[in-house]
Enquirer: 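Starting off with a structure, shown below.
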Amino acid sequence: MELNEVERERVRKLATLRAAGIDPYPPRTEFAAERRMAADAAQAALAHAQTPEAPPTTAAIMGRIVGKRVMGKAAFVHVEDGSGRIQLFARVGEDSLTKDSFDILKDLDLGDFVEARGELMLTKTGEPSLKINDWRLLSKAISQLPFAKEEKQPDGSVVRYSAMSDPETRYRQRYADLAVNPEVREIFRTRARIIKAMREFLDDHDFLEVETPILQPVYGGAAARPFVTHHNQLDQDLYLRIAFELYLKRVVAGGIERVYEIGRDFRNEGVSFKHNPEFTMLEFYAAYMDMYSVMDLIEAMIQHIARRALPPEANGASVFRGHTIHWLRPFRRWKLRDAILEKTGVDYALFPDAASLGAEAVARRLLPTDAVKDKPWGKIIDSLIGDYVEKDLVDPTFLYEYPRDISPFAKSRPDDPNTVERFEGFIGGAELCNAFSELNDPLDQEQRFLDESANADGDEANPIDEDFLRAMRLGMPPMGGLGMGIDRLTMMFTGKDTIREVILFPHLRREE
RNA sequence: GGGCCCAUAGCUCAGUGGCAGAGCGGGAGACUUUUAAUCUCUGCGUCGCAGGUUCGAUCCCUGCUGGGCCCA
């Protein structure tokens with residue numbers, strides 16, 4: 001490893017510290033029993049300042065040095081921990097540090113971890129601070145973290161200088177991004193709150209959380225290319241799952257009436273601002289529910305999450321792609337046929353086959369010829385949704401009743417065999433979730449698999465999962481089911497436009 | 001997959017066909033209530049990689065790599 005000038009200087013400091021008998025990487029803290037979080041200590045300092053006659057409040061702080069100002073025989077050091085930051089004040093003198101201790105302190109660098117203890121106080125300018133009388137180095141940083149400089153403006157706003165901002169570096173060195181950009185840490189706290197609230201809601205509605213295979217001998221449940229791997233001893237190819245659907249339904253067939261899984265799907269497809277090769281999904285299935293009761297449930301679940309995950313001052317709203325999303329308002333329910341009629345003027349029920357619908361869409365200049373050529377009926381409708389409907393669905397909206405031929409796991413409507421009981425949820429002009437009254441007729445299911453294989457354009461044809469059909473033939477209750485992308489949901493709640501902002505370590509091409 | 005754009009110091013960025021720049025950060029010094037501390041002095045680099053044009057290329061051209069944005 002080639003060290004730059006700063007790093008060589010820090011390595012020299014390590015030697016100096018060791019020569020003075022200081023371990024730059026001690027195995028444990030010493031002040032843990034007195035530890036207070038920075039934000040809490042700052043509050044305590046302010047409170048104590050109201051009652052100057054009271055005895056001094058002591059505390060210990062541990063965290064990372066994020067700012068340092070040394071002036072001769074006094075020094076101010078900002079230390080940040082998981083709660084926030086507080087200023088350490090040190091000077092040479094009986095009420096603070098010895099000259100030797102102070103001299104070592106003033107040579108610390110941004111990024112170093114320390115523990116310090118002393119009395120809480122306010123400085124002359126009123127900043128809550130810890131006047132320290134003892135401190136220890138907990139970990140020395142060798143490389144520079146790109147800390148931003150912040151300047152408070154007279155109007156109270158904060159201007160940041162030289163923040164780490166190159167997206168590639170931020171994603172590749174997320175540890176540095178997290179260290180210097182507190183708002184990035186907040187994204188992942190929000191993400192965790194979303195998932196926690198989701199579990200709470202489902203657990204409270206009698207769902208059982210289960211785990212199903214990630215390595216699958218046959219993949220299915222979605223239209224996507226899989227990653228392939230190989231089990232050496234079995235000498236068998238296995239696929240990383242592209243969906244949980246077929247295994248979760250097996251569980252419901254076995255008599256566990258409500259199940260859900262939160263976990264990772266893998267799709268061997270393009271990497272972009274909205275796709276990562278591995279992403280997090282929620283799927284749930286509930287016996288004796290249908291599409292309509294799933295709509296009610298998912299609306300309640302999303303609103304529960306909004307109440308738990310959004311900050312109180314947000315009033316149940318977030319800003320996504322320039323739109324304000326009001327999560328707590330009732331969700332709109334719009335029949336797909338009506339939505340497409342309104343947005344394109346085409347009533348697709350009048351064009352019940354791919355040839356006539358495709359011709360109409362091209363004649364009206366709605367779609368280019370190659371978007372229609374050799375495409376199934378439902379695929380053409382799907383293109384119309386993508387081009388003319390989706391972007392306008394800002395407030396939470398359920399589009400329902402979808403074409404059968406792009407919905408191989410949804411139950412047909414009794415009055416219209418070309419249409420299935422399926423809905424998709426859209427928020428902020430983007431798709432969020434997908435749900436059906438699940439198909440439980442094994443002969444129909446088998447035929448759908450066969451149709452899908454026949455229609456598939458090339459490599460999107462999934463293998464037929466005979467074991468899944470066997471489970472269905474043994475009897476499967478009617479059920480409602482749902483899939484929802486958690487990365488996407490997190491983007492909507494945190495207002496981030498790219499999936500890379502809500503995944504800690506997004507996939508990038510390898511370096512070099 | 002197609003189009004456009006970007007790549008220069010640890011960070012943020014300027015720049016020019018002819019000695020490679022600023023601020024921050026780093027080093028030395030001064031400073032016992034600062035907060036982008038201040039003041040004095042002082043370094044810093046494979047100008048993404050490989051070719052080409054040229055007396056001379058970080059700059060112009062081609063290709064490649066990585067990234068961003070838009071489209072499919």
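Predicted model, so just to flag it, every value in this text is computed and none were measured. Chain identifiers are assigned alphabetically (A, B, ...) following the order of the sequence lines, protein sequences preceding nucleic acid strands; residue numbering begins at 1 within each chain.
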Enquirer: Return the stems involving RNA chain B, sorted by first number, where pairs are Watson-Crick (N1-N3 with N6-O4 or O6-N4) or G-U wobble (N1-O2 and O6-N3), both under 3.5 Å, and runs are 3 or more long.
Expert: B:1-7 with B:65-71, B:10-13 with B:21-24, B:26-30 with B:38-42, B:48-52 with B:60-64
Enquirer: Salt bridge or not for Asp497(A) and Lys274(A), using N-O below 4.0 Å?
Expert: no
Enquirer: When the P atoms of U54(B) and G48(B) are considered, how many whole Å apart are they?
Expert: 23 Å
Enquirer: Between C1' on A30(B) and CG on Asp103(A), what's the gap in Å once rounded to a whole number?
Expert: 14 Å
Enquirer: Rounded to whole angstrom units, what separation is found between the CZ atom of Arg12(A) and the P atom of G43(B)?
Expert: 17 Å
Enquirer: Is there a donor-acceptor pair under 3.5 Å between the side chain of Asp112(A) and the backbone N or O of Ala141(A)?
Expert: yes
Enquirer: Using the C1' atom on both, measure C19(B) against G51(B) and round to a whole Å.
Expert: 26 Å
Enquirer: Could you tell me how the ring of Phe89(A) sits relative to the ring of Phe76(A): parallel (under 30°), tilted (30 to 60°) or perpendicular (over 60°)?
Expert: parallel
Enquirer: Relative to the 5' end of RNA chain B, which residue comes earlier, Asp107(A) or Gln87(A), by the nucleotide with the nearest heavy atom?
Expert: Asp107(A)
Enquirer: Once hydrogens and angles are ignored, does a donor-acceptor distance under 3.5 Å link the base of U33(B) to the side chain of Glu127(A)?
Expert: no
Enquirer: Give a yes or no on whether the ring-centroid distance for Phe351(A) and Trp377(A) is below 6.0 angstrom.
Expert: no
Enquirer: Between Tyr239(A) and Tyr219(A), is the ring centroid distance below 6.0 Å?
Expert: yes
Enquirer: Specify the separation, in whole Å, of atom CG of Leu110(A) and atom C1' of C11(B).
Expert: 12 Å
Enquirer: With no hydrogens and no angle check, is any side-chain donor or acceptor of Asp487(A) less than 3.5 Å from a backbone partner on Thr280(A)?
Expert: yes
Enquirer: Phe449(A) vs Phe409(A) aromatic rings, parallel, tilted or perpendicular, using cut-offs 30° and 60°?
Expert: perpendicular
Enquirer: Roughly how far apart, to the nearest Å, are C39(B) and C44(B) at atom P?
Expert: 23 Å
Enquirer: Determine yes or no for a side-chain-to-main-chain donor-acceptor pair under 3.5 angstrom, with Glu119(A) supplying the side chain and Ile132(A) the backbone.
Expert: no
Enquirer: State yes or no: are the ring centers of Phe31(A) and Trp135(A) separated by less than 6.0 Å?
Expert: no
Enquirer: Can a salt bridge be assigned to the pair Glu501(A) and Arg170(A) using a cut-off of 4.0 Å between side-chain N and carboxylate O?
Expert: yes
Enquirer: Give the rounded distance in Å between these two atoms: CZ of Phe147(A) and P of U12(B).
Expert: 14 Å
Enquirer: Quickly work out the Lys106(A) NZ to U34(B) P distance and round it to whole Å.
Expert: 18 Å
Enquirer: Can you tell me how far C1' of G26(B) sits from CZ of Arg10(A), to the nearest Å?
Expert: 9 Å
Enquirer: Do the side chains of Arg10(A) and Asp109(A) get close enough for a salt bridge, i.e. N-O under 4.0 angstrom?
Expert: yes
Enquirer: Just confirming the chi classification of C19(B), syn or anti, using 90° around 0 as the syn window.
Expert: syn
Enquirer: Classify the nucleic acid contact of Glu9(A) as base, sugar-phosphate or nothing, counting any heavy atom under 4.0 Å across all strands shown.
Expert: sugar-phosphate
Enquirer: Using the P atom on both, measure G56(B) against G18(B) and round to a whole Å.
Expert: 14 Å
Enquirer: Under a 4.0 Å heavy-atom cut-off, which of residues 488-505 of chain A touch RNA chain B?
Expert: Thr498(A), Arg500(A)
Enquirer: Whether Arg422(A) engages the ring of Phe436(A) as a cation-pi pair (distance to the six-membered ring centre under 6.0 angstrom, angle to the ring normal within 45°) should be assessed.
Expert: no
Enquirer: If you only use heavy atoms from C-beta on, which nucleotide in U33(B), G68(B), G66(B) is closest to the side chain of Pro167(A)?
Expert: G68(B)
Enquirer: Separation of Leu130(A) atom CG from U33(B) atom C1', in whole Å?
Expert: 15 Å
Enquirer: Could you give the distance separating U16(B) and C59(B) at their P atoms, to the nearest angstrom?
Expert: 13 Å
Enquirer: Salt bridge or not between Asp107(A) and Lys13(A)? Use side-chain N to carboxylate O under 4.0 Å.
Expert: no
Enquirer: Roughly how far apart, to the nearest Å, are A7(B) and U46(B) at atom C1'?
Expert: 14 Å
Enquirer: So which nucleotide from U33(B), G26(B), G67(B) ends up closest to the side chain of Leu508(A)?
Expert: G67(B)
Enquirer: Please state how far atom CG in Asp166(A) lies from atom P in G10(B), giving the value in whole angstrom units.
Expert: 14 Å
Enquirer: For RNA chain B, determine which residues of residues 55-78 of chain A have any heavy atom closer than 4.0 angstrom to one of its atoms, and list them numerically.
Expert: Arg69(A), Val70(A), Met71(A), Gly72(A), Lys73(A), Ala74(A), Phe76(A), His78(A)
Enquirer: Taking the same atom, C1', in G67(B) and in C61(B), what whole-Å distance lies between them?
Expert: 23 Å
Enquirer: Let's see if you can work this out: which of G66(B), G25(B), G27(B) has an atom nearest to the side-chain heavy atoms of Lys13(A)?
Expert: G27(B)
Enquirer: Which way is the base of G26(B) turned, syn or anti, if we draw the line at 90° from 0?
Expert: anti
Enquirer: For the pair Glu269(A) and Arg225(A), find out whether any cationic side-chain nitrogen is under 4.0 Å from an anionic carboxylate oxygen.
Expert: no
Enquirer: Using the P atom on both, measure G27(B) against G21(B) and round to a whole Å.
Expert: 24 Å
Enquirer: On RNA chain B, nearest-nucleotide positions of Asp109(A) versus Gly93(A): which is more 5'?
Expert: Asp109(A)
